[in-house]
Each structure stands twice: as structure tokens, then as C-alpha cells.
Protein chains: 2
Amino acid sequence: MTKGRVTLKDLARDLGLAPSTISRALSDHPAISEATKKTVKDRAEELGFTPNSIAASFRSKKTRSIGVIVPRIDVHFHSRVISGIEEFSYKSGYHVTIFQSHDSYKREKEIVKILQTKMVEGVIICLAMESRIFDHLKRLNNLKVPQVFYDRTPENFLTNKVNIDDYESSYTATEHLIDVGCRRIFHIAGNQSTGIFRKRLEGYKAALADNGMMFRDDFILTTKNLSYEEGADCARRLLQLPDLPDGIFCANDYTAVSIIQAFNKAGIKIPEQVAIAGFSNYPISRIIEPSLTTVNDRAFQMGEAAAKLLIRQIEEDDADIIDYQTITLKTELIVRESTKRI
Amino acid sequence: MTKGRVTLKDLARDLGLAPSTISRALSDHPAISEATKKTVKDRAEELGFTPNSIAASFRSKKTRSIGVIVPRIDVHFHSRVISGIEEFSYKSGYHVTIFQSHDSYKREKEIVKILQTKMVEGVIICLAMESRIFDHLKRLNNLKVPQVFYDRTPENFLTNKVNIDDYESSYTATEHLIDVGCRRIFHIAGNQSTGIFRKRLEGYKAALADNGMMFRDDFILTTKNLSYEEGADCARRLLQLPDLPDGIFCANDYTAVSIIQAFNKAGIKIPEQVAIAGFSNYPISRIIEPSLTTVNDRAFQMGEAAAKLLIRQIEEDDADIIDYQTITLKTELIVRESTKRI
DNA sequence: CTGAAAGCGCTTACAG
DNA sequence: CTGAAAGCGCTTACAG
């Protein structure tokens, strides 16, 4: 026995069989007899044989590894997506290597290069905020490494995408506010350079239009990052208005929570005077008082869907066929106290 | 040129040099002349040469890959630790492959086996709640794969550990409650089968003792998971007491927030009647009203420290020397409204 | 059903 | 400073 690890060759020598036979027996090749398989597997177990999958990957060109690039792992949304990715990948026999771009284009480019050397079989990525150029990703494409984008996805670049229906979700949330009697509905909007936030604004507009309500520019407060602090700032501006809104649809939960707190403090009754809806279903949305009506963003399912799509593309053998897919997950509106007017 | 990727051999042929020279030039081997290095690197760039690091790993037995096992990625604490691990590892040229045990011993065992076949050079792990037997990890040890544990660490098993000082942190938090005038301080305790929660209880006890206060068994409410719901339950029990506590030290933030809300509703003034301190510094602790005094658990730094320790152990060449380390990070008490009585 | 042989793309002693 | 050669531990056509 060589020092340390037992290799497949060691096993072969031990059993008086060819290495090729051992290899096939261990991977349940149909040509090998059941008897041999059993002998080999038992002996492998006894000797504590651990296959070196790096050697196997090197030889077979299959690493069964997926690269994931997110802006930050500790952003709750991303950690949930990653959890979904890991879960589905694990069940499918793939493993997941994670990198953070910190929203830097330079770092994203570096990571993509590393991913290439690591021979990952596919990549799931949420673009860095800074990324405007996609050459690094097109290059991956040329190397036939499938990619799936989520959340922040490239425009003008044909590829695989997984998203929720931001437009429809916002439409539903806004219509819900209308249904509970709101007539002056404001929108706290996200950065309009990001597609999903544009869509959330569009959904809001469409719901108003379809219900015969006028869209007004001054009902939109646009923020940079939809941060808690920006939410407080929006609340301040709203409270100075001659006419308060009677409904607010916020493009995320942080701003919604912030506004709820400011309004609570100002003695404004939620939902009686102002109904508020958010977006994401972050843990805090059910803890805040009143609890927040919000859109469940299904981050975990997005991760699962992304992994599923990616692995299908990896395992599809038709290298010539390029069929990019865009998966859109349905969301649900979770109605809580902040809009329960009736 | 072979179809698809350019290999090191292709480069060698192209330049009329030996593959060994190319290999050395690319890795800045001191024996190679600057002129040759430049020629090689420039040509590599031109031809779009991407080194196959799987081949390199296979040959050199260095994968520069670290396995990370956590119960769940989407638990905020773990996602922050992972973020710290990734950050430090990336800077050190290592990459991080992540697995979730879902607190299952069986799955943890499976993952450890996979990690062995993947030839990771080290493992960072937060034990599954279920894990009582450590044979799978001892086996890793025998294979000379360094391990670092964090948060939930094995007892009676010599290894590397990274933790915060739970005892000291709880002592400080409790003493802070005493300093602001509390005399009937209750403790919401975590599951006592977990080391860190035992230590938090101990710290609480010690602070009482050192300040001449009696420890009373009935001042301890023990929970299973320190969940938000269990916090509400604790609050209910506290509110039924003939004498309310005047201070509560909670072993995490969820229970603290839950109690704050219940007390708010019951018309009990925080901090005037009851001062409350938590543990973790979760985002919600600064949003809740009144904002929560809590211990910053330094999860990101734990991840960094774990990665740093692990990588040092990987790169230490003295295979014969076994020097297990335990790193304890200092925490800080973040004082907010919930204890500001003076 | 089993085996002999080639080779994946690198790195690394050894030699000069 | 550069090169020739061996080989890491597997898998996979090819052959019988």
C-alpha cells in the first residue's frame, strides 16, 4: 500500500484485476458482473479507498462543479438564493464554489477568469452593480460554459435568466392597495438603472391605469439603494406634504419598515390612514408593528430554479443547439396588518 | 492549435520552448530569465491561454480549495461567517466550496466524504446540531486535512476552534444591566446542550456573583431554539409574575425583540421599568423600538479568523507537528435605547 | 465480461 | 537559464 491514500491501482493489484475493471465496477458500469462489482466494492470499503475525483475530473473533463458569483454572500436575499442553489446542486451531485464580487466589475472579471481555470461546468451569477461590459461573460460563453443570471441580469445579451415577475408582483400589490380603498398611492422606487426596479415601477403604473387612476410623477420617490435610512428620509418628505398619501407601495421591505416606524411616531394610523405594502418578505416584515403586507420574493426557489436550469444545460449533449431560457417565478402577496383596512 | 482550449504544450510548440520552461515562466520561477518570462506571458495572453488548474492540482496535489460545512447558508450568522471566509480565502488564493448539513449528522458525514474525494486542503465547519460522533472528522484528521470549527465546536476532541468569548460577553452585558440599576435580572437561555449557550449562562451567573447578587434558578427561562416565538412565550410567563424583572439578558436578539414587543404592548416601559439586552447584533436590533442593546457577535471576523488559521495550517510544512489552536475573538457591547436608563 | 494501453495537462526532480 | 522525462490517478475507446 502506498503511504497515505489507497489508489485505484492499489485496489487492482490487491484483487488481481485490471484498473479498468475496478474503475468500471465502482461506477456500476453495465458490462461488469454483479459478482465482480460486489468484490470490488467490498474490498474498496475495507481498504478505505477514497477515489480521487480530481484525477477523475482531469481525465473525464467533468468537474461537477458550479461557480456562483454574488455581490455579497451576507445579503439575506443572496444567502437564500445560494441556499437554494446548494440544495438542488447537492441532490444532483454537483458542488458549489462561491465568490463575492462586492459589486466590483474588476473583481467580477477576475473571478470569471479563475472560474475558467477551475474548469467549472457552469456559472450562476448576479451581476455586480458596476458591470456594464460583458466581454468576460461572453468569453465564458465561447468556451461553452453555460451561465444563468438571476436578479440583476444583463440586457442586450442573450443568455439564461431566472427572475420573479416583478411587474406582475407590483401590479398585484398596488391593486391590493386600491382594493382596500387607497386613492392617493405613492411609490418608493429603487434605482432605475436596475431592471427589476424599473419593472416594479411599471407594475405600479399599470395597476393605477387599469383602475382608472391617474399616474402622477410627484407620487414617486426614487431612492439610490432602498436603504432603511433612505426610507426614513422618504417618510420625512411625505410627512411634510399638505395631503398625506393614503397608500404606499415600497419597492422593498427596508424602506417600508422605516416608513412604518416614522409614521407610527408621527401618530399616523396604519393601515387606517395610510396602508403600506413592501417587497421581499424579509424576516422583519412579520415582526414590525403593524406587520407588513409584502411580496414573497421566493429567493430560495430562484436558487433552485437557477441550479436546475444550469445543470440541465450542462448535461444537454447537443453542443450545437443554443437555447437560452428565461424562467419567471410566480410570487405571492402576503397580506398582513399594514393593509388590513376592511 | 487544438480545438477549444490552448494548452501549455501548444504554447511551448508555438514558442519553440520546452513545456517545463513555459510552466516555470508562467509561475515566475526564479531560474527563468526575465526576457523569457515576458515572451511567454505575452504570447500566452495573445493566444488566450487559460491554465487548466485541475491538471495542475492533480499533479501538484494542491487544490487550493477549502470546504465549508454549515447547517444552513441562509441563517444570517452563517452567511456572515461565510462572507468572512470567502473574503480572506480569496485574497489568499484559495476558493471556497460550500455545503449545508441541515443539522443532519448523516448529511454531514456524506459531505465530509465528498470533501475527501474532492481533495480539499482544509475544512471549516460548524457542527450539525445532531452530531455527537466525530469519527468522520477524525478520519479527515488522519488524512492530514486541517480543520477549523466555529460556533458549534466539538468537545473532548482536540482540534482548531474559532469562537467569540461568550462567557466574557455575557458577563459584560449582565454587568451593564447591573450598572444601570437592575437588581432582578432574568436570563433567557439557549439550549444547554450547546456549549456557547452554557457559557452565556455562566457569564450571566458570574456577573451576578461578582456584584454580590444572588443567583436564582427561577430567573432563568430556558428555550430550545431561542426563536422569536419562544421569546413571546417567555414574555407571557414574565408578565404573569407577581414581580416583574427589572432587567433581562437574552441569549440572542430574536427573543429580546419578541419580549420588547410584548412588553411594549403590555404598556411596560423599556428601559425605565425593564432594561433589556440581547446577543448577536442582528439588523433588527437597531430597528426595533426601543433599539436593542446587544453584543456584536463579529461573525464576519470569525470567518476571516477561521480562514486565516486554516490556511496557515495548510501551508505549514511541518507535517509532524500538531499544534491545535483555539482563537477567541473579543466582542463589544453595543449600548442602545433598551438599556439607557441614565 | 475483462484487460492492455494510451493519455488527460500539467509540475518537478534531475541533468547539463 | 533551459530541457527531457517521468508521472500524478484516473477513464475510455479498442480489442478479445
Side-chain angles (χ1 to χ4, degrees), chain A residues 1-41 43-44 47-65 116-121 143 317, chain B residues 1-41 43-44 47-65 116-121 143 317:
Chain A
M1 205 177 309
T2 59
K3 62 176 178 283
R5 284 186 176 249
V6 179
T7 69
L8 189 148
K9 234 169 152 182
D10 294 331
L11 245 181
R13 208 171 317 141
D14 179 273
L15 286 166
L17 288 166
S20 43
T21 304
I22 306 292
S23 172
R24 291 191 191 102
L26 290 172
S27 58
D28 270 324
H29 190 107
I32 304 293
S33 74
E34 286 307 319
T36 306
K37 281 183 190 168
K38 184 158 169 28
T39 319
V40 172
K41 286 180 182 172
R43 192 69 184 136
L47 294 181
F49 169 68
T50 310
N52 179 339
S53 71
I54 295 294
S57 292
F58 169 50
R59 173 59 231 247
S60 68
K61 311 245 160 285
K62 303 232 172 298
T63 55
R64 300 200 76 103
S65 104
Q116 281 170 41
T117 76
K118 298 277 181 197
M119 312 291 276
V120 297
E121 296 194 60
L143 291 170
D317 28 7
Chain B
M1 206 175 309
T2 58
K3 61 176 180 280
R5 284 187 176 248
V6 179
T7 70
L8 189 148
K9 234 170 153 179
D10 295 330
L11 245 181
R13 208 171 317 140
D14 180 274
L15 287 166
L17 288 166
S20 44
T21 303
I22 306 292
S23 172
R24 289 191 191 102
L26 289 172
S27 57
D28 269 325
H29 189 107
I32 303 294
S33 74
E34 286 308 319
T36 305
K37 280 183 191 168
K38 184 158 171 27
T39 319
V40 172
K41 285 179 182 171
R43 191 70 183 134
L47 295 181
F49 169 67
T50 310
N52 179 339
S53 71
I54 295 294
S57 292
F58 170 49
R59 172 60 230 244
S60 67
K61 310 245 160 284
K62 303 234 172 296
T63 56
R64 299 202 75 105
S65 106
Q116 280 169 43
T117 76
K118 299 277 181 196
M119 312 291 275
V120 296
E121 297 193 60
L143 291 170
D317 28 7

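Note that these values count all heavy atoms, side chains included, but never hydrogens, waters or copies made by symmetry. In what follows, chains carry the letters A, B, and so on, assigned in the order in which the sequence lines appear, proteins first and then strands, with residues in each chain numbered from 1.
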Rounded to whole Å, the NZ-P distance (B/Lys37 to D/dC1) equals 9 Å

Taken to the nearest whole Å, CZ/A/Arg59 to C1'/D/dT11 is 4 Å

Could you check whether B/Ser33 gets within reach of a base, just the sugar-phosphate, or nothing at all, counting any heavy atom under 4.0 Å? sugar-phosphate

Under 4.0 angstrom, heavy atoms only, what part of the nucleic acid is B/Ala56 near: base, sugar-phosphate, or nothing? sugar-phosphate

Ranking B/Gly16 and B/Phe58 by the position along DNA chain D of their nearest nucleotide, the one closer to 5' is B/Gly16

5'-most contact on DNA chain C: B/Ser53 or B/Arg24, nearest heavy atom basis? B/Ser53

Measure the shortest side-chain to side-chain distance between A/Thr63 and B/Lys118 over non-hydrogen atoms and say whether it is less than 4.5 angstrom. no

My understanding is that a pair needs two contacts under 3.5 Å, Watson-Crick or G-U wobble. By that rule, which nucleotide pairs with C/dA4? none

Rounded off to whole Å, could you give me the CD1-to-C1' distance for the A/Ile22 and C/dT2 pair? 11 Å

Report yes if the side chains of B/Ile54 and A/Ile54 come closer than 4.5 Å at any heavy-atom pair, otherwise no. yes

Nearest whole Å is fine: how far is C/dG9 C1' from B/Asp14 CG? 17 Å

For A/Leu8 and D/dT11, give me the distance from atom CG to atom P, rounded to whole Å. 6 Å

Pairs meeting criterion side-chain hydrogen bond (donor to acceptor under 3.5 Å, both in side chains) with involvement of residues 30-39 of chain B, two or more places apart: B/Ser33-B/Thr36, B/Lys38-B/Asp42

Using a cut-off of 4.0 Å on non-hydrogen atoms, how would the nucleic acid contact of B/Leu17 be classed: base, sugar-phosphate, or nothing? sugar-phosphate

Looking at the side chain of B/Thr36, which of D/dT2, D/dT11, C/dC1 is the nearest nucleotide? D/dT2

Taking for A/Ser23 and for B/His29 the nucleotide of DNA chain D with the nearest heavy atom, the one nearer the 5' end belongs to B/His29

Taking atom types as they are modelled, would you say the side chain of B/Arg5 forms a donor-acceptor pair with the base of C/dG9 within the 3.5 Å cutoff? no

Does the pair A/Arg43/A/Asp10 count as a salt bridge with the N-to-O cut at 4.0 Å? no

Starting at CD of B/Gln116 and ending at C1' of D/dC10, how long is that distance when rounded to a whole Å? 18 Å

Whole angstrom is fine here: how far is it from NZ in B/Lys62 over to C1' in C/dT11? 12 Å

With rounding to the nearest 0.5 Å, note down the distance linking CZ in A/Phe49 to CD1 in A/Ile22. 8.5 Å

Please work out if A/Ser27 contacts a base, only the sugar-phosphate, or nothing of the nucleic acid, heavy-atom cut-off 4.0 Å. nothing

If you pin B/Ala55 and B/Thr21 to their nearest nucleotides in DNA chain C, which one's is more 5'? B/Ala55

Spacing of A/Asn52 atom CG relative to D/dC8 atom C1', expressed in whole Å: 9 Å

Output the single nucleotide from D/dT11, C/dT2, C/dT12 whose closest atom is nearest the side chain of A/Ala31. C/dT2

